[in-house]
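Structure, as C-alpha cells:
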Protein chains: 2
Amino acid sequence: MELLSVSLGVYYGDFTAAAARENLTASQGKTLTVLRRGPAAMRVLAETLSCDASNMTGIIDRLEKRGLVRREPSPGDRRVKNVVLTPEGEHAIDTIRANMHTTLAGLASLSEADQETLYALLERAFTEKAHVSGT
Amino acid sequence: MELLSVSLGVYYGDFTAAAARENLTASQGKTLTVLRRGPAAMRVLAETLSCDASNMTGIIDRLEKRGLVRREPSPGDRRVKNVVLTPEGEHAIDTIRANMHTTLAGLASLSEADQETLYALLERAFTEKAHVSGT
DNA sequence: TATTGTTATACTCTATAACTATA
DNA sequence: TATAGTTATAGAGTATAACAATA
C-alpha cells in the first residue's frame, strides 16, 4: 500500500503543479475535472468531491468570478442550481491535463498492453466497490 | 488518465476519511506517512510533501502539540531540527492505514498475482521517472 | 417536514516576504 | 553570503451550525 501512496503522491503533485500553472488550486482543478463530464448540481458536486456543500459555494463562487463555470437554474426544481463549464473552463482543465508531464511520461513509458493491464486492475480494485461492499 | 484520476480519488478520499476518524487532516496524515519511514529535517519534510517550509512549521506545531511528533536538535548542524514520530504518532498512522477499508477491500479483491502486477506497473510508471526525465 | 443552497464562524492549509540563528 | 527554521500576513479550503427558499 506504501507504493500506492507514493504513486498517488506523484500523480497528485503533478496535477497540483499543472493546476497552479493555470493559477488554480487543486480543489478548483478537481472541480473542473468533475464538471468536464457534464453539468452537475451543487449538492451532487459536493458529494462527488467528498466535501461539505458549504465548501462548494465558495469554490464555485471563485471559479464563476473567473468565468470558468456558470450557475444555471434547474428547470425541474427551483431550489437546485446546475453548474456548467464555460468554454474557458473546458480549456483550463484540458490545459492542466496536457501539462501533467510526469504522469504522461510515466504512462507513455509503459507498452500499450501494460497500460491496458494497469487500467483494468485499477478499475477492478477501485471502481467496482459496489460488488464488494454491497452498497 | 480519467481512470487514474478516479482511482486515486477513491484512494485519497479513503485516506482522508480514515485520517478524519483520528481527528487528523489529510496533510497531517501525509506528514505522519512520511515520518513512518524515519525521522526527517523540517526542510526535507517540506520538499517530500511538496509544500513551502513555512507550512511545515504550522503542521508540525499542531502534531507536536498533540504529542504525535517531537522536534529534536540535529547533532551535526544546530540550524537543523529533526522531526521524530512518537509511539502515539506511530499508532495514529498505523490506525489510519488499517482503517482504509475501501482501499484494502479493493486490493483484496485482486489475486496475489494481480496485486503484484499492479504494484510493478505503478512502480514503473510512477517511481522510475529518473530514467525517463533524466533528472 | 425535508431538501437545496447560502451565510457566518472558526480552524487548517498554502505561498510570499521578512526575520533569526546558525553555517 | 547562504541555509534552516520561524513569524506575519493574506487568500483558499474545510466542517459545523443556522438560515431562506422551495419541495
Side-chain angles (χ1 to χ4, degrees), chain A residues 9 12-13 15-35 39-66 68-84 92, chain B residues 9 12-13 15-35 39-66 68-84 92:
Chain A
Y12 194 66
F15 179 79
T16 303
R21 265 172 251 135
E22 299 302 305
N23 282 303
L24 291 168
T25 65
S27 292
Q28 290 170 342
K30 277 194 276 189
T31 303
L32 295 184
T33 297
V34 174
L35 290 173
M42 295 294 292
R43 184 135 312 242
V44 173
L45 223 38
E47 273 163 20
T48 305
L49 292 166
S50 302
C51 74
D52 193 83
S54 61
N55 293 345
M56 287 317 309
T57 299
I59 293 173
I60 295 300
D61 278 352
R62 288 179 277 272
L63 288 174
E64 192 169 34
K65 199 177 298 181
R66 288 182 50 178
L68 302 178
V69 305
R70 207 173 52 235
R71 269 184 253 236
E72 291 186 347
S74 176
D77 187 333
R78 282 194 296 171
R79 293 172 302 180
V80 176
K81 289 177 190 171
N82 288 317
V83 184
V84 186
Chain B
Y12 192 67
F15 179 80
T16 304
R21 265 172 252 136
E22 300 302 305
N23 281 305
L24 291 167
T25 65
S27 291
Q28 291 169 341
K30 278 193 277 187
T31 302
L32 296 184
T33 297
V34 173
L35 289 173
M42 294 294 291
R43 187 138 309 249
V44 173
L45 223 39
E47 273 163 19
T48 305
L49 292 165
S50 303
C51 72
D52 193 83
S54 62
N55 293 346
M56 287 317 308
T57 299
I59 293 174
I60 295 301
D61 278 353
R62 287 179 279 271
L63 288 174
E64 193 169 34
K65 199 176 299 180
R66 289 183 49 178
L68 302 179
V69 304
R70 207 172 53 237
R71 269 183 253 235
E72 291 187 348
S74 176
D77 188 333
R78 284 193 295 171
R79 293 172 303 178
V80 175
K81 288 177 190 170
N82 289 317
V83 183
V84 186

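Convention: sequence-line order gives letters A, B, ...; per-chain numbering from 1. Remember, predicted model here, so these are calculated numbers, not experimental data.
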What residues from residues 15-26 of chain A pass a heavy-atom cutoff of under 4.0 Å to DNA chain D?
A/T25

Interatomic distance, [X] [atom1] vs [N] [atom2] [rounded to whole Å]:
X	N	atom1	atom2	result
B/K81	D/dT3	NZ	C1'	14 Å
A/Q28	C/dT14	CD	P	14 Å
A/N82	D/dT22	CG	P	16 Å
A/L63	D/dA12	CG	P	11 Å
A/R79	C/dT1	CZ	C1'	11 Å
A/L49	D/dG13	CG	C1'	12 Å
A/M42	D/dT22	CE	P	17 Å
A/M56	C/dT7	CE	C1'	16 Å

Pairwise side-chain contact, [X] with [Y], heavy-atom cut-off 4.5 Å (strictly under):
X	Y	answer
A/L45	A/I60	yes
B/C51	B/M56	yes
B/R66	B/N23	yes

As a quick check of understanding, evaluate side-chain contact (heavy atoms from CB on, under 4.5 Å) for A/L24 and A/L68, giving each step before the final call.
CA-CA 11 Å; A/L24 291 168; A/L68 302 178; 3.8 Å; yes

Taking all atoms of both residues into account, what is the closest heavy-atom pair of [X] and [Y], and its distance?
X	Y	result
B/L32	B/A92	CD1-CB, 4.2 Å
B/A53	B/A46	CA-CB, 3.8 Å
B/V84	B/P39	CG2-CB, 4.1 Å

D/dA23, C/dA23, C/dT6: which one has an atom nearest the side-chain heavy atoms of B/R78?
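Closest nucleotide among those given: C/dA23.
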
Check whether B/Q28 reaches the backbone of B/L63 with its side chain - one donor and one acceptor, N or O, closer than 3.5 Å.
no

Nearest 0.5 Å, please: how far is NZ in A/K81 from CD in A/E72?
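A/E72 CD to A/K81 NZ: 12.5 Å, rounded to 0.5 Å.
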
Mapping A/D77 and A/D61 onto DNA chain C by nearest heavy atom, which one lands closer to the 5' end?
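Result of the comparison: A/D77.
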
Per nearest nucleotide of DNA chain C, the residue lying toward the 5' end, A/V44 or B/G58, is A/V44

Is B/R43 touching bases, backbone alone, or none of the nucleic acid, heavy atoms closer than 4.0 Å?
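Base, at least one base atom sits under 4.0 Å.
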
Give each protein N/O atom lying under 3.5 Å from an N/O atom of nucleotides 14-18 of chain D, with the pair distance.
from, atom 1, to, atom 2, distance (Å)
D/dT14, OP2, A/S27, OG, 3.4
D/dA15, OP2, A/D52, N, 2.7
D/dA15, OP2, A/N55, ND2, 2.5
D/dA15, N7, A/N55, OD1, 3.0
D/dT16, O4, A/S54, OG, 2.8

